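Notes follow the structure.
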There are 2 protein chains.
Amino acid sequence: METAVIDVFVSAVKLIGLPKSVGEIYGLLFSSPLPLTLDSLVRRLSISKGSASQGLKVLRSVGAVRPVYVAGDRRDHYAAETELKKLVAGFIREELQPRLDSGTERLSHLNSLLASSHPADSAFLSSRISKLAQWHARSKSVLPLLTGLLD
Amino acid sequence: METAVIDVFVSAVKLIGLPKSVGEIYGLLFSSPLPLTLDSLVRRLSISKGSASQGLKVLRSVGAVRPVYVAGDRRDHYAAETELKKLVAGFIREELQPRLDSGTERLSHLNSLLASSHPADSAFLSSRISKLAQWHARSKSVLPLLTGLLD
DNA sequence: CAAATTGTTCAAATTTTCTTGAACTCCACG
DNA sequence: CGTGGAGTTCAAGAAAATTTGAACAATTTG
């Protein structure tokens, strides 16, 4: 059962370009009624402490996982965040937006290169760069709308 | 210049989980005023014929590339499709929808496993599977809306 | 129809990405 | 302070994905 759920998340995270271990960790937390510590993840998934640590880091950064305080235990306990809207928003914020932002710089770099290109292709290239800029602007405005469509 | 444009597309396709060569091919076609043949791609990008063939296959399947007839030449010529809406729609249709569809089967499999699970965890697992089903339904309805937001 | 040209396929090689594990940092506790 | 537990980091190894290239199929041409 648990394994089948984990499998679902492994496929899902691979789809969005994150490592398998991230899917395993999230899948196990999602299947677990109680918050789990790093070392239960290590034991129950048979992954290394390093993987678990790095996987949790990613999951924390996108807000897919929430630290839970447990009295009398020094270790961090984690629970899966299950609000789809939060997950998507976090993924967009941490993984997608940064790329769009670096795209802005790239576009201005392209425009500067345009100045020093053969006049022959210049008109065509210029039109293609406008097209790129248009795509970029559209993406920037649409991405944030996405979270609104959920939940 | 061309190289810089190609670079943009290489990053973009890697983001959506397609191989670099697909980005190179699309980037070159996008930068080219004339449609290109498979062997010009091979020569200009220094990639193998196999890569070019497979890359074009993917690009054709998502509709990112359009065959162009050229009189007196037996070879296929390809031009980049530059309508963002078409590209996104094609990607969703070919790469994303199939996954959501297989998700439907997976969910019913999970429900069948639920029957044979320990009654103790049953209530919790059942709620989590409902959550998954809810996500699934939401995704199915939202994905197609996406293309509407573009163009 | 034989030869040449175009494109595809797929196993092996390469490259890229992920995982591991050992060394390290940081605290809490005695 | 010094010891031990918890978590992080990162270089090296393992695994996965991509690319290559050679064999093949299909089609056109002389």
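Treat the numbers as computed from the prediction; the structure is a model and nothing was measured. Reminder, nothing fancy here: chain letters follow the sequence lines and each chain counts from 1.
For A:Ser40 (side chain) and A:Leu36 (main-chain N/O), no donor-acceptor pair under 3.5 Å exists by modelled atom type. A:Ser112 places a side-chain N or O within 3.5 Å of a backbone atom of A:His109 that can act as its donor or acceptor partner. Using modelled atom types, no side-chain atom of B:Ser46 and backbone atom of B:Val42 make a donor-acceptor pair closer than 3.5 Å. B:Ser117 places a side-chain N or O within 3.5 Å of a backbone atom of B:Leu114 that can act as its donor or acceptor partner. Remark: the backbone N or O of A:Ser48 is not paired with any side-chain donor or acceptor of A:Ser51 at under 3.5 angstrom.
For the pair B:Leu41 CG and C:dT8 P, the interatomic distance rounds to 12 Å; values are reported in whole Å. Following rounding to the nearest Å, B:Leu18 (CG) and D:dA17 (P) show an atom-to-atom distance of 14 Å. For the pair A:Lys49 NZ and D:dA11 C1', the computed distance is 17 Å after rounding to whole Å. Atom CG in B:Asp39 sits roughly 9 Å away from atom C1' in C:dT6 (whole-Å rounding). One interatomic measurement links the two molecules: CD1 of B:Ile47 to P of C:dG7, which rounds to 13 Å at whole-angstrom precision. D:dT8 atom P lies 11 Å from atom CD1 of A:Ile25, rounded to whole Å. Rounded to whole angstrom, the span from the CG atom of B:Leu36 across to the C1' atom of C:dT6 amounts to 16 Å.
Interface residues of residues 71-80 of chain B facing DNA chain C, ordered by number: B:Arg74, B:Arg75, B:Asp76; criterion, heavy-atom separation under 4.0 Å. Contacts between residues 56-70 of chain B and DNA chain C, defined by a heavy-atom separation under 4.0 Å, are made by B:Lys57, B:Arg60.
Each of B:Leu38 and B:Gln54 lies near DNA chain C, and the nucleotide nearest B:Leu38 is the one positioned closer to the 5' end. Both B:Glu24 and A:Lys20 lie close to DNA chain D; mapped to their nearest nucleotides by heavy-atom distance, the more 5′-ward contact belongs to A:Lys20.
The side chain of A:Ser21 places an N or O atom within less than 4.0 Å of a non-bridging phosphate oxygen (OP1 or OP2) of C:dT19. Phosphate contact (OP1/OP2 of D:dT20, side-chain N/O of B:Ser51, threshold under 4.0 Å): present. Here B:Lys14 does not reach the OP1 or OP2 of D:dT18: none of its side-chain N or O atoms lies under 4.0 Å away. For the pair A:Ser48 and C:dT19, the criterion of a side-chain N or O lying under 4.0 Å from OP1 or OP2 is not met.
Counting heavy atoms from C-beta on, the side chains of B:Lys20 and B:Val13 never come closer than 4.5 Å. Using a 4.5 Å heavy-atom cutoff, the side chains of A:Pro67 and A:Asp76 are not in contact.
Side-chain atoms of A:Arg106 and B:Ser11 include a donor-acceptor pair closer than 3.5 Å.
For the pair A:Asp39 and A:Arg75, the salt-bridge criterion is met [side-chain N within less than 4.0 Å of a carboxylate O].
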